[in-house]
Amino acid sequence: MDSQKKENLLNLALDATPQEREKSVNLSVGYNSIDKMWNLIVKYVNNLDSVRALGAEAYELLNNYAILTVPEGLVDTVAALDEIIFVEKPKRLNFAIVNGRAASCISGVQEGVNGLYGEGCIVAVIDSGIDYANEVFRNKDGSTRIIGLLDQREGAFYTEEQINEALEHNNPVEQQQVVKSVDTSGHGTGVAAIAAGNFAQDKSANLGIATRASILAVKLGVPLTDSFPRTSELMQAIDFCVRFGMERKMPVAINISFGNTYGSHDGTSLLETYIDEVSGVGINTIVIGTGNEGAAAGHTSGRVENNRTEIIELAVGNYEPALNVQIWKSYVDIFDIEVVVPSGRSILISGEAAGTYRYRTDMTELLVYYGEPSPFSQYQEIYIDFIPRELYITEGIWQIRLHGRRIELGIYDLWLPSYSNLNGSRFVRPTPETTLTIPSTARKVISVGAYNSYNGSYADFSGRGFDRTGGIIKPEIVAPGVNIETAAVGGGRITASGTSFATPFVSGGAALMMEWGVIKGNDAYLYGEKVKAYMIRGARQLAGETSPSKKTGWGAFCINFL
């Protein structure tokens, strides 16, 4: 059946009505209702000639992954092709926002004749763009340190020469006639400044880590005006950065400071497996923040026993327009699911067979998809989308009751959407562990949490590990992420918190290590997993934390490898 080649969320989205998609947080992501086209992520074999012959568009990535644009009526036909191994829909991405150089031991490797500043390496920041005219991204002579700027939204790539041409104009309006790309949120500018920013005229005021590295900036595109970046755009951006480094024959440290909560959190989605595979192409190190879901009460877990009932309470906030719950469990376990609405009415969700089920209660519709294991994961997902019949979901305490019928393992996990997409909804008894955002759960990346470098304590907002199976230690390390000073669009400085701003300390540090190893000839293989190993060995354990810890991994980032 071709439905088994499509992920659960895509199957449900295809079964949903246009009205249900419109009211859902996740189901409409990847679908253009105007052109009636689906944007899809696929893993394939051989080539995509048969896909193109059907009239679909294909953007090929490294290692036989691709982003397809497919007419709605052809999705099942494309999925059924022998060349297609598996299909997923894109997911929405969220930026991870809520004194660092000294805490990260940077001074120790930037002093003396062998000082390391990332020279000869590329720091690639995939984000909201970059304020290319900002002085923190310039050399002493005023020229740019930005080696390239890809603006997915504009569909344009700007070279170093074009950026320098723009900088010859002092008027921002004239600059934008040459290079149109702008960072409207300032997030990417702040992240890039920590990873690689410098004040050319005042070295004592440096903000960044790899202050002589070349900067490659990618502004993530959005499918529609006033929309949001998606995982499909992220995969294209990573592909571009890896290829760019290979073409220039330069090591590249890739910084990703965002993620999402949808998925099994065990590294098996196409996004995660793609990142793992592409990490072995060229000379690169990929660094990803663990997100800010640690204290958001968006995850709960437990164990169901035979002939026992587990009760999970979900507090739905006032004026909540959309909500969904993912339930992940071992496929071997069988339990019945009962949903009790705030009024006390009970609904028994019966759906052992894979497929879509609908239930109506009070002012809310429950759209349920029972999934099956995929070729990449042995676990089962039951996805419940709460669809308001009018404007909002019924507020109050909902119960999700799990009745154990035939239990072997009994372990379950539930996740809500990112807190930034909700209006106060939360689990009443949350489990703060396993709150890493995806794709920080990819196995071969360096996953970075946040700590408060002022008092040496874990930052409770930081996404915690381990992965859902407990077999992979994530995060590997934590870096300063509380009240971090960085550059603002248009000049000046801002202070921000979040794993978004912890991650670039580590990506900048990766560039310093690759300079020492690859560029200076001390270790031609110092990139990727080897950089991770060196960072783990150099990590400093925080007070009160064991090592490895679900909160802080192997400890606080300290670039101490010489």
Side-chain angles (χ1 to χ4, degrees), residues 41 43-44 47-48 58-67 116-127 130 144-152 155-163 192 195-196 210 212-221 231-256 270-288 439 442-446 504 506-532 534:
I41 301 167
K43 175 75 172 172
Y44 68 95
N47 58 62
L48 294 172
Y59 183 100
E60 296 181 24
L61 306 175
L62 293 163
N63 287 41
N64 285 80
Y65 290 79
I67 310 298
L116 301 175
Y117 299 90
E119 199 161 5
C121 298
I122 298 171
V123 171
V125 178
I126 302 172
D127 216 287
I130 192 168
T144 187
R145 289 178 51 227
I146 302 172
I147 198 171
L149 168 56
L150 174 65
D151 190 323
Q152 289 183 337
F157 175 73
Y158 300 101
T159 64
E160 182 179 357
E161 290 73 23
Q162 288 174 301
I163 296 171
R212 294 180 191 167
S214 298
I215 300 168
L216 176 63
V218 178
K219 178 177 179 178
L220 284 173
T231 52
S232 48
E233 282 78 30
L234 173 58
M235 291 174 72
Q236 290 173 301
I238 295 170
D239 195 85
F240 172 81
C241 292
V242 172
R243 291 178 188 270
F244 190 94
M246 293 171 65
E247 290 170 0
R248 297 296 180 100
K249 295 181 171 56
M250 297 172 69
V252 56
I254 301 175
N255 188 98
I256 300 171
L270 290 189
L271 171 62
E272 293 159 300
T273 57
Y274 168 73
I275 293 174
D276 282 341
E277 290 188 26
V278 82
S279 68
V281 178
I283 300 175
N284 70 73
T285 303
I286 302 175
V287 185
I288 306 179
R443 287 166 168 76
K444 293 188 178 180
V445 305
I446 301 173
V506 179
S507 56
L512 303 190
M513 294 175 71
M514 290 191 291
E515 178 194 3
W516 181 83
V518 179
I519 300 301
K520 293 194 172 184
N522 293 297
D523 186 343
Y525 302 100
L526 188 53
Y527 57 91
E529 289 286 274
K530 195 166 188 178
V531 166
K532 182 196 295 186
Y534 275 46

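- Contact check for Lys219 versus Ile130: no side-chain heavy atoms found under the 4.5 Å cut-off.
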Review point. Passes side-chain contact (heavy atoms from CB on, under 4.5 Å), Asp127 versus Val218? Steps please.
Key: CA-CA 6 Å; Asp127 216 287; Val218 178; over 6 Å; no
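- Across all non-hydrogen atoms, the minimal contact from Tyr65 to Thr273 is OH-OG1, 2.9 Å.
- If you take CZ on Arg145 and CD1 on Ile163, they are separated by 12.5 Å, rounding to the nearest 0.5 Å.
- Contact record, Leu512 with Ala210: CD2-CA, 3.9 Å, taken as the closest heavy-atom pair.
- Minimum interatomic distance between Val445 and Pro439 (heavy atoms only, all atoms of both residues): CG2-O, 4.3 Å.
- Proximity of Ile519 to Glu119: side-chain heavy atoms (C-beta onward) are nowhere separated by under 4.5 Å.
- Partner of Ile288 under the side-chain contact (heavy atoms from CB on, under 4.5 Å) criterion, chosen from Ile126, Ile256, Asn255: Ile256.
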Review point. Hey, mind stepping through Tyr534 and Asp523 against side-chain contact (heavy atoms from CB on, under 4.5 Å) and telling me if it holds?
Key: CA-CA 12 Å; Tyr534 275 46; Asp523 186 343; 3.8 Å; yes
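- Checking side-chain atoms of Glu233 against main-chain N and O of Gln152 turns up no donor-acceptor pair under 3.5 Å.
- Atom-to-atom distance recorded for Lys444:NZ and Glu272:CD is 14.0 Å, nearest 0.5 angstrom.
- Put simply, the side chain of Asp239 never gets that close to the backbone of Leu61: no donor and acceptor are under 3.5 Å apart.
- Here Thr231 contributes atom OG1 and Leu220 contributes atom CG; the two are 10.5 Å apart, rounded to the nearest 0.5 Å.
- For the pair Leu150 and Phe244, the minimum side-chain heavy-atom distance is 4.5 Å or more.
- Other residues, nucleotides and ligands place more than 12 heavy atoms under 6.0 Å from the NZ atom of Lys530.
- Within the 4.5 Å cutoff, side-chain heavy atoms of Met235 are placed close to those of Leu271.
- Side-chain atoms of Leu116 and Lys520, non-hydrogen and from C-beta on, do get closer than 4.5 Å to each other.
- In this structure, CG in Leu270 is found 9.5 Å from CD in Glu277, a value given to the nearest 0.5 Å.
- Residues Leu526 and Val518 approach most closely at O-CG2, 3.9 Å, considering heavy atoms.
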Exercise for review: Start with the C-alpha gap between Tyr274 and Ile41, add the side-chain angles, then the distance that decides, and say whether side-chain contact (heavy atoms from CB on, under 4.5 Å) holds.
Suggested key: CA-CA 10 Å; Tyr274 168 73; Ile41 301 167; over 6 Å; no
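- Here the straight-line distance linking atom CG of Leu216 with atom CD of Glu160 works out to 11.5 Å at 0.5 Å rounding.
- Of all non-hydrogen atoms in Ala66 and Leu48, the two that sit nearest each other are CB-CD1, 3.6 Å.
- Scanning all heavy atoms of the two residues, the minimum distance from Thr285 to Met514 falls at OG1-SD, 3.5 Å.
- Between the CD1 atom in Ile275 and the CD1 atom in Ile286 there is a gap of 6.0 Å [rounded to 0.5 Å].
- When side chains are defined from C-beta on, Asn284 does not count as touching Val278, because their heavy atoms never get closer than 4.5 Å.
- For the 3.5 Å distance criterion, the side chains of Tyr59 and Ser232 fail to qualify, holding no donor opposite an acceptor.
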Check your understanding: After noting the C-alpha distance and the side-chain angles of Thr159 and Gln162, does the key distance pass the side-chain contact (heavy atoms from CB on, under 4.5 Å) rule?
Key -> CA-CA 5 Å; Thr159 64; Gln162 288 174 301; 3.4 Å; yes
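- Using a 4.5 Å heavy-atom cutoff, the side chains of Val252 and Ile283 are not in contact.
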